[in-house]
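Report on one structure; see the data block that follows.
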Amino acid sequence: MVTNKTLLLLSATVGLVCASSSALSKVSAEEASKLGKNLTCMGGEMAANAANTIPAFSGKWLGAPPHVKYENHIGQHPVDPYPEDKPIFEITSKNFEKYADHLTEGQREMFRRYASFRIPVYPGRRDFRFDDKFCEVARKNALQAELIDGGPGFTGHQGTPPFPIPKQAMELLVNMTFPVFAFTEDTLRDIANVNPVGEIFWGQQRNLNLNVVTQPDEVGKPMGKIMAYAMTHTMLPIRDRGAVSSAVEPVNLAKDKRLAWNYDPGTRRVRQLPIYGYDTPLAGTSGLMTIDQDRLMNGDPGRYDWKMLGKREIYIPANTYRLHGKNVKYADLLHRNHANPDYLRYELRRVWVLEGTLKEGYRHVFGRRVLFIDEDNWQASVSDYYDSRGSLWQHAFIAHYYAFDLKGWQAGNSFYHDLSSGGYIAYNLFQERPLGPVLNAGKMSPTMFGPEALRQIGQ
């Protein structure tokens, strides 16, 4: 098992286990006043790090920069605002020990196993900001939001992570669950199961999401009971073609259950799924991803004990525009054992570290999971997964980029590496599709989701 020798703590709050009491404290007015000054409005540190290898936050752009031609809400593929940037150096299997303090256990193991694995490190860029309306909600949440039912339930206002100045593990996890998402998303995505010898088996899905908490007329309102609605149409593999699932995501998973239904084209019947989430295999991934690995962690966190392990400076994928360009071909991108590093962009960034350990008496394929959450957008960027014996099993990451039509950060391609077999899943690919994700176009309502909508599909 790989061991983590060094943890660079940038926070005074270390090793806090999520509490089980009913309501937990808000931050003081003095602390909240740091938002927009020492901290960004979402809680990231404004200043550069001491070595100046992480730049200060500029926030000079909201939406598309002036030099980028981009049409919003139609699914245009991402356009790189930094086309002239080049890697300042590369981390390889020969020199990775030099940078070990800024790598996760999973990243270090990738270097040990694959001589071809590389991390191209680019200049850090922190040039994009959130809309002022979201900043106003974040300030209000800092003063008023509280965990309830021991978490993940919480009070507060819709639209932003509720705890921009987190004090404990469950607040981190809730922030990661409620970042500034697109309020509507329509994506035709390809899923590649790349086996250990480099052969590819394909899945394909159309995914529709309606995020209630970030709808324009809902932002700033008191938190309700429903977070989001989702529907997934499966096209590949052939054996699953025509299957459709729909789910309703509650806000407070401590009290309310996920509701999910599935339409089976063979029987033309709709049935409610008794359990949706946890380590149930994710459709279209040949059973190699679990439902709760989408976005690295989602759904009910109650099977794990969670610890907040402070902050570290880690190389993570960021500003990954080149990877998602419309000219990228899967044959060039999807190499044996891992994606082609030439298309990836890593930056040194400050991340919150969140660890979940499976509770005694509970079942899950992962005995431990460690998440690395970008301070600038509250989205999990990297995760290392361990089996029930404590051995490192998987390393996964999401390549985020700032989506101009969202005016926020979008989860793009993600890669889930099985360190035992050498295979991996490349998830949420859309480079060879005519459209990228169609974000914030609207035209969705709750009536488009749920069992009645599935029955209409079967008629």
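Reckoned from all heavy atoms, side chains included, excluding hydrogens, waters and symmetry mates.
Under the ring pair (Phe, Tyr, Trp, His ring centres under 6.0 Å) test applied with W409, the options F130, W378, Y401 reduce to a single match, F130. Partner F415 forms a ring pair (Phe, Tyr, Trp, His ring centres under 6.0 Å) with one of Y427, Y343, F397 and no other, that one being F397. For the ring pair (Phe, Tyr, Trp, His ring centres under 6.0 Å) with H364, the lone residue among Y385, W393, Y278, Y304 that qualifies is Y304. Each of H400, R349, R129 was checked for a side-chain hydrogen bond (donor to acceptor under 3.5 Å, both in side chains) with D376, and the lone residue meeting it is R349.
Under the 4.5 Å side-chain criterion, counting only non-hydrogen atoms from C-beta, T187 is not in contact with R206. Between F163 and F154 there is a side-chain heavy-atom pair separated by less than 4.5 Å. For the pair F57 and F128, the minimum side-chain heavy-atom distance is 4.5 Å or more. Put simply, the side chain of T177 reaches to within 4.5 Å of the side chain of M227, judged on heavy atoms. Considering only heavy atoms from C-beta on, Q431 stays 4.5 Å or farther from K329 through its side chain.
Counted by atom type alone, N49 and E313 present one or more donor-acceptor pairs between their side chains at under 3.5 Å.
Ring centers of F89 and Y99: under 6.0 Å apart, within the cut-off.
Under a 4.0 Å N-O distance rule, the pair R389/D387 qualifies as a salt bridge.
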